[in-house]
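All heavy atoms count here, side chains included; hydrogens, waters and symmetry mates do not. Since the model is a prediction, treat every value here as computed from it, not as a measurement.
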Amino acid sequence: MPGPVIPAPAVSAREAEVLTLLGEHLSNAEIAARLFISVRTAESHVSSLLRKLGLPDRRALARHAAELARTEEPRPAPALPAPLTAFIGRARERGELAEAVTSHRLVTVTGPGGVGKTRLALAVAADVAGDFPDGVWFVDLVPVTEPGRVATAVAAAVGVGEQPGRGIDDAVPAALADRRALLVLDNCEQVRDGVAPFLERLLAACPRLRVLVTSRVRLTVPFERVFPVPPLSRAGGGNSEAVALFLDRAAAAGRLPGPEVGEGAVAVCERLGGMALAIELAAARCSTLGLDGLVAGLSDQLRILAGGPRANDRHRSVRAVLDWSHDLLEPPDQALLRRVAVFVAPFTADAAAGIAGFAPLDRDGVVDGLGRLAEHSLLAVTPSATGTRYQALETIRQYGTERLTGAGELMDVRSRHLSWCLAGADALAGAGGADWRARFDAVAEDMRAALAWAAERPERRADAHRLALSLAGLAFTRNLLGEAQQRLEQAARLAADAAADSGTGIDADAAAVALRQAAAVAGCRGLGDDMFRLHRAAAEAARRAGDTVGAGRDLATAATVAYRFSSSFTRVPSAEEAAVLLAEARKLAGDAPAAEAAVALAEAAVVADAFGAVQGDTDNTARETIGFAERAVELARRAGDPVAESAALDALSGARSWAGEPFAAAAAARRRIDVLTSAPPSPAGSYEPPPFPAGPHEPPPFPAGSRELIDAPAGTHEMIDALAMAAGTALGVGALPEARRWGGRLAGHPLLAEAGHHATSWLLVADALTGDAGEVLAGSVRFLDAWERSGRGRSFSLGPAAASVAMIHGLRGDHDARRTWLAIVDEAGTGPEHRRGYGAVFDATVLLHHGDADAALERVAPEPEQVWKWVSWIWLHWYAGLRAEAAVLAGHPDARDRIASARIVAAGNPVVSAQVDRAEALLDGDPPRQLAAAAAFEAAGCRYQAARTLVLAGGEHAAAGETALAGLGLAPGAAR
């Protein structure tokens, strides 16, 4: 990390570090990870910087940091690998490629393997780094074996995390949208089908981005500028580029003997066709064989490998040198070279021993042989936090694979590699420790490669299915939710294929089990469409397996999802579509307890609209809604399914709120958390997750088998939703400390580390109603950053959060900022709720603060019964209290009636009851009761209203109230 930019003495050293990372466009979660601090601490530093530097928002901070870096400090070094040897020659190509990179959006450096594409690209990237102030990134695609994972590799290099509701393919363009940067993608040929469409989307979304690609073949996209790299020039004899490279590498390997060096080097380079890799491999042996022996070896042992129809002479030359280098090895080392070719990522000696340690090798021989292969430049040695690792260049890996085939060992070694990956997955499942993520990342690409190989072989389908499930669990723990869902869907396809072939050892219902879990992961990602699709697919898989009861349960769950999570859909299923699913579920479910519970919950959702869905009837006043929900709760409890019981309690909470019973709604929401955290151990064959995934240093266990996966994603998704609803409903009854507690637990949930908008939503509302402007402004930075990174999505919880930030800006008197956040509300929230529900509450609060009682009265003019669906959820008490207060301050003739009505509605709500008491005291001109209301607000944790009460009381109390408001970061407001 570059040194911190310290812009002024008032900024602490830690704040300066945070400012520097803001200039690199890192999110708060990324800053926290880089500095080893909590996300909340990073948010606090950002908020402090905004105040100290007098800047309006995070973007201004980033621009300020970038300007300081340009004017006061050297540019940070580009994020490029540091070659261990000097770059030799290619002065002409270097200049031409630099010109091409600065003039064209996409430049592809093409040429055969071993020609030197990567070294040229690195040299040019370093040369032009000064033209790209927002960064230069290098991505090695060698470990990537699936075209669909190109974006994931780029995201890892750039530092972009996955966002709920948006895949990595969308998150990377969002992160680089406004950056003038250079992205170097190396070794693209094996995933060309993934690179081309990814870059087309990326460059369309990022107009200032340039991309430099190395590949054996061009990408064949219309905007591509191809730059062919020829072999090293041999013109000039002993002074040629090829000879200069040979002499440099030979000198590094040891002293060059004799005066005939120049002539012999020319001969070697001519025989090798100027290929950089071939020259380096030959030069590495020069100190031990001498030039004469080297030339003789080339004459006797150089053989041309049989290439495919697209192979040219230069490809053959590389293979010839590799063939010759291979033949110089002793038979045990030859066996080791071909066997370790199965590793995709850098590997340890222990891993190599486990796979390659069979006749003619043993474990000790493997360790010894790795050193000799490294000395021969056939393996690179890389130190890492998990020990010394070895890696073969891609060309050598391909050569080794050919040798494996020729030796008849390919199936055996691939099978050993697959078994090693399965054992590694089992070891990681249930493990912990500070280095867990590093250990997973070190083997993940090999697991993916082994899975890809096994999935194509029917005889290995059971192992592929097991590895897909294991990788899904590990990815879920690693917070790679997109891959977790992908692997579960892959496991389902493997199980379905196995069922078609029969006799593979995979359970008949395995496809349905995997699809249900994929749906749960999609829920954790906020993807309603995928949840709906996958539950329906699970139903179909269950039917094929003969499990009609399970199919009925899946169809009922799909119908419930359509209503319960309606705001997370791109295409909201119609009421008719959900009704058809429910009808079919009723036919299939029978009287099995779990299926009955699922159908009962679907009825509460679809028939009675307990969740207040987007497609629900806004005039729905079905009094039987509570009955539907209570039946679903009872049946889920009988079935012994805590996740289903929590979902049913969510329906009951919604039903109670629609009935105007906020306290009962809050109680049901709290029961959800009790059910999820105190459930008894799962029965044999299932897996009950901890209430929260552990932090980044201690991932929770996630066993590999299909049955052990049953509850983890579903339980996690349910807990996140339960925390959100517990926080929201606590707000509805004025329990501000409790709302802050639940909201804080939600904000700190590891699964939401990259989804700060969802994580902070309810904590923002609680802090806003408390009146803590500092906390709201700090949290709003994380909220806005994550919301923009995730594609500016819309949901029921995001609108109130943004509106609460707008309210705080209004209370501060910053009306420009308030308008900005109200525009965000229009995008992030839902219209009717904002106009009639939380928007009316927050707007009226601001208007009353500034003394505009008439406008406030107009904002809450409708009777609660007229807008019941929008205010009855958690806003009913607040709405009633504001109507009473606005009526008093505006001199409305019905003020006393409104006070009486609000007192009945909000009875038991400490904050709103104090507000009603204050309104009546103002109406009666009773200062002591006003001061008593101030004390009641303070006791309820609502410091804003306590301070405002003192201002309204006037006289000697007004100054104390204004001081208290200033301490909260709010404007004095108006007395009346």
- Would you say the side chains of H877 and N909 form a donor-acceptor pair under 3.5 Å? yes
- Tell me yes or no: between the side chains of N479 and E754, is some donor less than 3.5 Å from an acceptor? no
Shortest non-hydrogen separation from [X] to [Y] and the atoms involved:
X: F783; Y: A801; answer: CE1-CB, 3.7 Å
X: V521; Y: P713; answer: CG2-CB, 3.6 Å
X: D609; Y: W658; answer: O-NE1, 3.5 Å
X: L469; Y: A491; answer: CD2-CB, 3.8 Å

- Item | Criterion side chain to side chain contact (heavy atoms under 4.5 Å, CB included) on L876 and V905, from CA distance to verdict | CA-CA 8 Å; L876 177 62; V905 168; 3.9 Å; yes
- Message: Which residue in the set T560, L582, T557, L555 passes side chain to side chain contact (heavy atoms under 4.5 Å, CB included) when paired with V599?
- Response: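 Among T560, L582, T557, L555, the one that satisfies the side chain to side chain contact (heavy atoms under 4.5 Å, CB included) with V599 is L582.
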- Message: Which label fits W436 and F440: parallel for a plane angle under 30°, tilted from 30 to 60°, or perpendicular past 60°?
- Response: parallel
Are [X] and [Y] ion-paired here, with the side-chain N under 4.0 Å from a carboxylate O?
X: E483; Y: R478; result: no
X: E596; Y: R553; result: no
X: E634; Y: R637; result: yes
X: D772; Y: R943; result: yes
X: R670; Y: D674; result: no
X: R638; Y: E645; result: no

At what distance, to the nearest 0.5 angstrom, does [atom1] of [X] lie from [atom2] of [Y]?
X: L764; Y: M807; atom1: CG; atom2: CE; answer: 11.0 Å
X: F611; Y: Y563; atom1: CZ; atom2: OH; answer: 12.0 Å
X: R782; Y: S44; atom1: CZ; atom2: OG; answer: 13.5 Å

- Item | Member of Q486, Q485, R487 meeting the side chain to side chain donor-acceptor pair (under 3.5 Å) criterion with E489 |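 In the set Q486, Q485, R487, the residue that makes a side chain to side chain donor-acceptor pair (under 3.5 Å) with E489 is Q485.
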- Item | L784 and W821: CA distance, side-chain angles, deciding distance, side chain to side chain contact (heavy atoms under 4.5 Å, CB included) verdict | CA-CA 10 Å; L784 182 58; W821 277 90; 3.9 Å; yes
- Query: Who passes salt bridge (Lys or Arg N to Asp or Glu O under 4.0 Å) against R672, sequence neighbours left out?
  - Reply: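 Scan of R672 (salt bridge (Lys or Arg N to Asp or Glu O under 4.0 Å), adjacent residues dropped) gives D650, E718, D721.
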- Task: Taking the side chain as every heavy atom from C-beta outward, state whether L751 and L481 have any pair of such atoms under 4.5 Å apart.
- Result: yes
- Sub-4.5 Å side-chain heavy-atom contact between L882 and Q915: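 Yes. Closest side-chain heavy atoms under 4.5 Å.
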- Is the ring centre of H834 less than 6.0 Å from the ring centre of F842? no
- Decide yes or no on side chain to side chain contact (heavy atoms under 4.5 Å, CB included) for F565 and H717, but give the supporting numbers first. CA-CA 12 Å; F565 302 108; H717 179 217; 3.5 Å; yes
- Short question: side chain of S653, backbone of L649 - any donor-acceptor pair under 3.5 Å? no
